[in-house]
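Below is one structure, written out as structure tokens; comments come after it.
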Amino acid sequence: MKSHIANLITLLVTPCAGFCGGIERTPQSVDVIFEPENYVSLSFGLVSPQISGSVQAGTRQSGDLAKSHRQPEFTIKHQISDRISAALIYDRPYGADVAYPEGADYPFEGATAIFNSEAWTGVLRYKFDNSVSILAGVRYQTVEATSNIPAIADYTVDGGQDSGYGYLVGAAYEKPEIALRISLIYHSSIDHTFSPAEQSLLTSGNVLNSETKSSTPQSISLKFQTGISQNTLLFGGIRWVEWSEFNISPIHYSQLTRGLPLVAFRDDVFTYTMGFGRRFNDHWSGSISINYEKSNGGPVSNLGPKDGQTGLTIGAKYTRGAMEISGGVNYTLIGDATTRTTNGLSNFSNNDATALGVKVAYRY
């Protein structure tokens with residue numbers, strides 16, 4: 001019975017994700033470091049959100065402003081010795097792709113915002129004799145952003161690209177005979193300095209360049225899993241991200257809006273996850289989980305009109321020798337939100353997102 005429970009440790013828990021809080025697209029997981037033996041994986045996700053709203057009692061509709069996006073991820077883990085292991089992870093942790101349709105008779109029609117990121121994370125783990133291990137790592141991240149807001153003096157900005165470094169530290173406790181693992185991981189914030197090129201009707205065709213600083217937020221993730229019967233795993237977690245400290249405020253945009261930021265979030269985000277995994281036979285296993293982020297209320301950014309979420313993820317994994325193929329689907333109800341426009345408060349409701357994911361892994 002113990003060996004069957006231990007095998008559940010490798011169960012695919014979240015093969016794909018919908019939205020995370022703020023503009024986060026992945027939970028920046030380093031769980032690959034806990035995989036037994038040497039391990040390499042490649043995954044691909046497709047997320048399709050639908051977000052629309054209206055102003056003036058529904059008489060002026062925004063149209064669907066959210067575009068679909070792809071989420072690739074690569075991981076490799078190597079067992080250096082009985083005590084030491086290392087992992088390398090590539091992901092795209094943050095992103096936004098907003099485009100209000102033209103001709104929609106909406107205050108922000110034609111407005112666009114794009115935020116892209118890439119990150120490489122290296123992690124080292126050391127295991128002690130008492131089932132405790134410690135982790136530490138370095139994260140290299142690049143980000144770039146552009147935006148166009150016709151409603152605000154035909155404002156445009158190209159933030160260019162910047163790179164920065166961060167770190168992570170953590171610890172874990174494990175009892176493999178009952179598939180128990182509890183981990184606590186801290187990710188630092190990462191500072192970025194941009195030299196945005198700004199233009200508007202007030203610049204008379206001139207491009208304004210100035211230094212703008214911003215930081216992607218720090219986070220803490222607490223996760224657990226444990227076998228509750230011979231072939232069943234219970235798992236869950238709590239994740240905190242300090243989105244209240246995230247702010248992008250190019251100087252000319254702040255002048256046009258009397259000090260308002262281009263992108264900012266009022267509240268930190270807590271994400272709660274709970275689910276079950278089940279091993280059906282030597283080849284097939286599956287999982288089902290829910291995740292929840294509460295709605296904080298109050299107006300949010302027009303470039304990210306969502307407030308809280310509730311999601312359901314169903315995944316399955318096929319194992320054949322050293323090869324594993326996983327797939328899953330996530331459906332997320334996006335929390336209702338309000339935004340401020342020149343025509344009063346806009347209401348965004350009844351929005352959702354669907355995501356599909358597949359992962360191929362190999363143990364060597």
Item to check | Test log, rule salt bridge (Lys or Arg N to Asp or Glu O under 4.0 Å), inputs Lys77 and Glu37 | outcome: CA-CA 8 Å; Lys77 178 256 180 179; Glu37 306 171 356; over 6 Å; no
Next on the checklist: Do Ser52 and Leu65 make a side-chain contact, defined as non-hydrogen atoms from C-beta onward lying under 4.5 Å apart?
Outcome noted: no
Check whether [X] reaches the backbone of [Y] with its side chain - one donor and one acceptor, N or O, closer than 3.5 Å.
| X | Y | value |
| --- | --- | --- |
| Ser215 | Pro217 | no |
| Glu293 | Thr271 | no |
| Ser188 | Tyr167 | yes |
| Asp64 | Ile51 | yes |
| Thr332 | Ile334 | no |
| Gln199 | Gly205 | yes |

Looking just at side-chain N and O atoms, do [X] and [Y] make a donor-acceptor pair shorter than 3.5 Å?
| X | Y | result |
| --- | --- | --- |
| Tyr272 | Asn291 | no |
| Ser133 | Arg125 | yes |
| Glu324 | Tyr318 | no |
| Thr112 | Asn148 | no |
| Gln309 | Tyr292 | no |

Quick check: are there more than 12 heavy atoms from other residues, nucleotides or ligands sitting under 6.0 Å from [atom1] of [X]?
| X | atom1 | answer |
| --- | --- | --- |
| Asn209 | CG | yes |
| Arg340 | CZ | no |
| Asp82 | CG | no |

Next on the checklist: Please determine whether side chain to side chain contact (heavy atoms under 4.5 Å, CB included) holds for the pair Arg139 and Tyr165, giving the CA-CA distance in whole Å, both sets of side-chain angles, and the decisive distance to 0.1 Å.
Outcome noted: CA-CA 6 Å; Arg139 189 171 181 86; Tyr165 288 90; over 6 Å; no
Give me the ring orientation class for [X] and [Y]: parallel if the planes are under 30° apart, tilted from 30 to 60°, perpendicular past 60°.
| X | Y | answer |
| --- | --- | --- |
| Tyr94 | Trp243 | perpendicular |
| Phe246 | Phe115 | perpendicular |
| Tyr106 | Tyr100 | parallel |

When you check the gap from the basic side-chain N to the acidic O, do [X] and [Y] get nearer than 4.0 Å?
| X | Y | result |
| --- | --- | --- |
| Asp282 | Arg279 | yes |
| Lys359 | Glu73 | no |
| Asp267 | Lys294 | no |
| Glu24 | Arg92 | no |
| Asp129 | Arg83 | yes |
| Lys306 | Asp336 | no |

is_close_aromatic([X], [Y]), centroid dist under 6.0 Å:
| X | Y | result |
| --- | --- | --- |
| Tyr362 | Tyr39 | no |
| Trp120 | Tyr140 | no |
| Phe235 | Phe224 | no |

Item to check | Chi angles and distances behind the side chain to side chain contact (heavy atoms under 4.5 Å, CB included) call for Met323, Val360 | outcome: CA-CA 7 Å; Met323 181 72 69; Val360 178; 3.7 Å; yes
Checklist outcome for this item: When every non-hydrogen atom of Lys317 is compared with those of Thr319, the smallest separation belongs to CE-OG1, 3.9 Å
Checklist entry - Do Ser163 and Glu144 pass the side chain to side chain contact (heavy atoms under 4.5 Å, CB included) test, and can you show the C-alpha distance, the side-chain angles, and the key distance before you say yes or no? => result CA-CA 9 Å; Ser163 301; Glu144 57 183 351; over 6 Å; no
